[in-house]
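First comes the structure, then the notes that go with it.
For ligands, and for the atoms within them, numbers begin at 1 and follow the listed sequence.
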Amino acid sequence: MTAPFAGASAAPSPAPAPAPAADREPVTVLGLGPIGTALTDALLRAGHPVTVWNRTAAKAADVAARGARTAPTAAAALAASPVAVVALADYAALASVLSGVDLGGRTLVNLASGTPAEAAAASADATARGAAYLDGAIMVPPHVIGGPDSVVLYSGPGAVFDAHREVLDALGGPRHLGADPGLAVLQNTALLGLMYATVTGFLHAAALTGTAGVRVEEFADLAVGWFLPSVVHPIITAAAPDVDRGRFPGAQGTLEMNRTALEHVIGAGDERGIDSSLPRALADLAARAAARGHGGDNFMSVLDPLRSPEA
Ligand SMILES: NC(=O)c1ccc[n+]([C@@H]2O[C@H](COP(=O)([O-])OP(=O)(O)OC[C@H]3O[C@@H](n4cnc5c(N)ncnc54)[C@H](OP(=O)(O)O)[C@@H]3O)[C@@H](O)[C@H]2O)c1
């Protein structure tokens, strides 16, 4: 999904881009890291005339050889196209690059990672300077961009999303989440948190089973091939409607039962000499939910202290 797990597959060599099509909207790409380069290649493949700019100019050589035009400054790059896709490292880089540049009449599609407040501030700044602004979050590694498995989340005015739909289609899998500009990065960070918690939970489990010589590949088959889809997925999807209503019925298993199970996870880890800080953090959360009277509810009631830690 993002950088730490993006290295599993090597990027294939991009195919030579076709000549730009006369009916395709010209697009500017600011930033030529792995993401900006992949976005540029996807746009070239779709026949868009593409102008690129990168702080370190030498990084533009490869996409220039594949048909992109290079601009000497960010201002010149922005002036070359009605719409600019921004693939800089973060919102601070965006503010720095756009400082003092005329944005009047342009559309910015900013795909840098960040927080909802940063997205809202960037949207307000661009709009005040006469630009249309769409925020976005790339959910796939660079080599997937523009392909059938690409997913890019967008938020901001629906009219801006619709007006540049052809450009967004070229990047692959556009999903508009709503008018609030912070929605794309909010859902992106939520999914990243889920990814890190899931991967770390798997690695804790692999460390525990590894003390008996179980290979990670063998355990992955049990954990990811069966347990997550057949046990964890149904638990979450069955409980979600009740959770939305604030209900945590404990008829099938209570928080107290799960607190005991967590003590066994911690105990087994301690017996085997592995780090049990992850299940200890979960046990602490469950204890705080129990202290609020959720002992007879189900485990989903840990949402209470997650939502309002200070209550
Ligand atoms: N890589 C992934 O797998 C992945 C996946 C999903 C989302 N993302 C997000 O997509 C965005 C781009 O990712 P990336 O991997 O391409 O990032 P990156 O290589 O770290 O940075 C992209 C570009 O930002 C430029 N930059 C950084 N600070 C700058 C500044 N102060 N002024 C001007 N330019 C500046 C860099 O220019 P220089 O070349 O001059 O250093 C570079 O070309 C990030 O927000 C990232 O979190 C990445």
For this session: Taking only heavy atoms of Lys59 into account, list the atoms of ligand 1 that are under 4.0 Å away from them.
Result: 38 (P), 39 (O), 41 (O)

Exercise. Strictly by modelled atom types, are Tyr91 and Asp125 linked by a side-chain donor-acceptor pair under 3.5 Å?
Worked result: no

For this session: Would you mind running through ligand 1 and noting each atom that sits below 4.0 Å from a heavy atom of Ala112?
Result: 45 (O)

Problem set entry | Residue Leu32 vicinity, atoms of ligand 1 by number, heavy atom under 4.0 Å | 43 (O)

Exercise. Does an N or O from Gly31, backbone or side chain, lie closer than 3.5 Å to an N or O of ligand 1?
Worked result: no

Problem set entry | Whether Thr209 side chain and Ala205 backbone form a donor-acceptor pair below 3.5 Å | yes

Exercise. Looking only at non-hydrogen atoms, which of Asp90, Val152, Leu88, Leu94 approaches atom 34 (N) of ligand 1 most closely?
Worked result: Leu88

For this session: Report yes if some N/O of Gly33 lies less than 3.5 Å from some N/O of ligand 1; otherwise report no.
Result: yes

Exercise. Which ligand 1 atoms are under 4.0 Å away from a heavy-atom of Thr56?
Worked result: 38 (P), 39 (O), 40 (O)

Exercise. Do Glu25 and His48 meet the criterion of a side-chain donor-acceptor pair at a distance under 3.5 Å?
Worked result: no

Exercise. Is a salt bridge present between Asp297 and Arg292, judged by a nitrogen-to-oxygen distance below 4.0 Å?
Worked result: no

For this session: For a side-chain contact (heavy atoms from CB on, under 4.5 Å) with Val185, tell me which candidate from Leu153, Asn110, Asp135 qualifies.
Result: Asp135

Exercise. How does Ala87 reach ligand 1, if at all, at less than 4.0 Å between non-hydrogen atoms: by side chain, backbone, both, or neither?
Worked result: backbone

For this session: Say whether Ala89, considering both its backbone and side-chain N or O atoms, lies within less than 3.5 Å of an N or O atom on ligand 1.
Result: yes

Exercise. Considering the options Thr28, Asn54, Asp62, Val52, which one meets the side-chain contact (heavy atoms from CB on, under 4.5 Å) requirement together with Thr40?
Worked result: Val52

For this session: Please determine if Asn54 has a nitrogen or oxygen closer than 3.5 Å to a nitrogen or oxygen of ligand 1.
Result: yes

Seminar exercise, completed: Val97 heavy atoms within 4.0 Å reach ligand 1 at atoms 32 (N), 33 (C)

Exercise. What distance separates Arg129 CZ from Arg106 CZ, expressed to the nearest 0.5 Å?
Worked result: 13.5 Å

For this session: Return yes or no for this condition: an N or O of Trp53 is under 3.5 Å from an N or O of ligand 1.
Result: no

For this session: Can you sort out which atoms of ligand 1 are near Ser113, meaning under 4.0 Å from one of its heavy atoms?
Result: 9 (C), 45 (O), 46 (C), 47 (O)

Exercise. Quick one: do Arg45 and Asp41 make a salt bridge, cutoff under 4.0 Å?
Worked result: no

Exercise. With respect to atom 28 (N) of ligand 1, which of Gly114, Pro141, Ser99, Ala93 exhibits the smallest heavy-atom separation?
Worked result: Ala93

Exercise. Parallel, tilted or perpendicular for His294 and Phe248, by the 30°/60° rule?
Worked result: perpendicular

For this session: Scan side-chain atoms only and decide if His164 and Thr107 contain a donor-acceptor pair under the 3.5 Å cut-off.
Result: yes

Problem set entry | Per-atom contacts of ligand 1 with Val140, taking only distances under 4.0 Å to non-hydrogen atoms | 5 (C)

